[in-house]
Amino acid sequence: MRLAWYALGGGLGHLQRALAVLRWLRPRLGAEAPLVVTSSAYAHLALAEGLPCLRLPGAHEAQALPEGVASGLARQALAALGPIGCLVVDTFPDGLHGELTPAVLAGATHKVLVARPGGGTPEASPAWGCYDRVVAPLPVAPWAGVEAVGWVLARRPGEALAPADARRRLGLPAVADRPLIVAMHAGDPGEVVGLFGLVRDASERLGQPHDLRFFTPLPLGGWLVDPRVVHPWPASELLEAVDLLVTGGGYNATAEADAFGVRALQVAFRRSHDDQAARVGQRARAAQPGWGVAEWTAALAAALAAPRPTPLSPADTDGARRLALTVADLLR
C-alpha cells in the first residue's frame, strides 16, 4: 500500500522528522518508495535520499497567493496521488492551510498524526478524530490518549561520529585543545545570515581561544567564501565534537542539544505556526532577539563556562525507530 508522508512547514524540522523515520521504515516497504509531500525549502535533501518528493506552498508562500489557492493545490495533489494506503501527517492535523478536512482524509486507508504543541489540539481540530494513531515526537505526551515515542532524531548519539572523526570532517585537528562553537540554523536566509553575523562578531571579541563553525543547508551568498561555513547532513552526526551550540528554538535543535548533552545558547525566532519563545523560555540559556554584539559575547563566555549537560536517556531518543514501527504495523 502506498505511503505518503505529509510534512508541511516552513523550515527543516518537519522534513527532517520524515527523513529520520523513513530511514528506519524504508527497508520494510518493499520496492515502492514512499512519497514525501513537503513545503520545506530543503526538499533537495529528500531527493538526495532517493525519495520522490512533491513540494507545495508553505505558510509564508501562501500569504502571497490568493486566498484558498494553497489549500486547493494541496487537496488536488492528494486526490491525484490515487489510493493512499497510509498517510502520515506531521504536526498539523487539519493541514498547514486547513486543507485536511475529514472528507479529504477519507481518501487514505490509514492515517497517522505526529502531533506536538503548536500544531493543533484535540478539542480545536475537526480532523483529529479521523486518525487511526496519534503519536507525539516527545518523551512525554502533551495530551491524554497520545503515545509518546521520544525525540525523533536524524541520528541518535550512538550513531554519531566520534569527536576526533567529527573534528577531522570539519577540518580541525583530531585532538581538541580548545572548545568548538557551532552556530546552526536552517531558517529564512536573512535570518540565518543575521544569526551567523552576530555569532561571528561576538566570537572575535570573546578573548578565549576557540574554533568556530557554521552549519546550514543553505548557500549564503558572500558567506560561501568563508571556509567555516559547512553544509553537513545530518548535522547531528557531528555533535559529539561540539562544545557550544548556538541556534534557534526549533524542534530539531532543542531535541539534538538535549539528546547529545551539548551546551546550547538558543534564540527564539518568530513563526506563524510554532511558538519558539515558549520552547526557548524553558531553556537554561536563552538569547534575546534584540541583543547586540556585547551581549552575545558575554553570553558565549557564560555558556562555555557552564557544565556540560547530561545527555538524555537512550529511551528518550528512540522516536524515529518507534514511529517507523507504528507505521509499518498499519501497512501490513
Side-chain angles (χ1 to χ4, degrees), residues 12 154-155 157 160-187 189 191-218 220 222-250 252-269 276 280 283-311:
L12 176 60
R155 295 292 184 273
L161 294 175
D165 293 330
R167 290 180 62 85
R168 289 192 194 97
R169 184 173 291 185
L170 293 171
L172 297 169
V175 178
D177 60 354
R178 53 189 187 178
L180 171 60
I181 300 173
V182 166
M184 180 173 72
H185 196 33
E191 204 174 72
V192 175
V193 168
L195 176 65
F196 284 8
L198 281 168
V199 175
R200 176 195 59 198
D201 295 345
S203 76
E204 292 173 353
R205 301 187 184 187
L206 193 55
Q208 174 183 349
H210 64 279
D211 294 307
L212 178 64
R213 290 294 184 271
F214 303 94
F215 290 1
T216 183
L218 287 171
L220 294 177
W223 282 78
L224 289 174
V225 300
D226 191 324
R228 297 173 297 180
V229 178
V230 294
H231 308 279
W233 171 256
S236 48
E237 286 186 344
L238 306 176
L239 288 186
E240 293 286 12
V242 177
D243 296 286
L244 174 60
L245 188 65
V246 184
T247 186
N252 287 337
T254 300
E256 290 170 349
D258 285 355
F260 285 84
V262 179
R263 301 176 188 89
L265 181 60
Q266 293 182 268
V267 57
F269 292 103
Q276 289 197 6
V280 170
R283 317 301 293 167
R285 301 201 173 273
Q288 301 303 314
W291 275 0
V293 176
E295 289 89 352
W296 271 99
T297 303
L300 291 180
L304 279 174
R308 191 173 180 115
T310 302

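Closest heavy-atom contact between Ala241 and Ala166: CB-CB, 3.7 Å. Across Trp291 and Ala299, no two heavy atoms sit closer than the pair CZ3-CB, 3.5 Å. Between Ala264 and Ala257, the closest heavy-atom pair is CB-CB, 3.9 Å. Listed here is the closest heavy atom pair of Leu212 and Ser203: CD2-OG, 3.3 Å. Across all their heavy atoms, Ala303 and Leu244 have their closest contact at CB-CD1, 3.6 Å. Closest of all the heavy-atom pairs between Pro217 and Ala186 is CD-CB, 3.7 Å.
Separating the CG atom in Leu180 from the CG atom in Leu304 is a distance of 10.0 Å, to the nearest 0.5 Å. For the atom pair Phe215 CZ and Leu245 CG, the distance stands at 8.5 Å (nearest 0.5 Å). Rounding to the nearest 0.5 angstrom, the gap separating the OG1 atom in Thr247 from the CG atom in Asn252 is 9.0 Å. Taken from CG in Leu300 to CZ in Arg263, the straight-line distance is 12.5 Å, to the nearest 0.5 Å. For the atom pair CG of Leu12 and NE2 of His185, the computed distance is 10.5 Å after rounding to the nearest 0.5 Å. How far CG of Leu238 is from CG of Leu161: 6.0 Å, rounded to the nearest 0.5 Å.
Side-chain atoms of Leu239 and Val182, non-hydrogen and from C-beta on, never get closer than 4.5 Å to each other. Counting heavy atoms from C-beta outward, Leu172 and Arg213 have side chains that approach closer than 4.5 Å. Side-chain contact between Arg308 and Val262 is present, with heavy atoms from C-beta onward closer than 4.5 Å. A 4.5 Å side-chain heavy-atom check between Ser236 and Phe260 finds at least one atom pair inside the cut-off. Looking at heavy atoms from C-beta onward, Phe196 lies in side-chain contact with Leu220 at the 4.5 angstrom threshold. With contacts defined as side-chain heavy-atom distances shorter than 4.5 Å, the pair Leu265/Val199 does not qualify. Side chains of Met184 and Thr216 form no contact here, defined as non-hydrogen atoms less than 4.5 Å apart.
Remark: Ala164 pairs with Arg168, Ala174 by the side chain to side chain contact (heavy atoms under 4.5 Å, CB included) rule, at least two apart or across chains. Checked against side chain to side chain contact (heavy atoms under 4.5 Å, CB included), Thr297 has the following partners two or more places apart in sequence or in another chain: Ala202, Arg205, Leu206, Val293. For Glu204, there are no salt bridge (charged side-chain N to carboxylate O under 4.0 Å, His left out) partners two or more places apart in sequence or in a different chain.
Under the salt bridge (charged side-chain N to carboxylate O under 4.0 Å, His left out) rule, Arg155 has a single partner from Glu237, Glu240, Glu256, which is Glu237.
With salt bridges taken as basic N to acidic carboxylate O contacts below 4.0 Å, one links Arg167 and Asp211.
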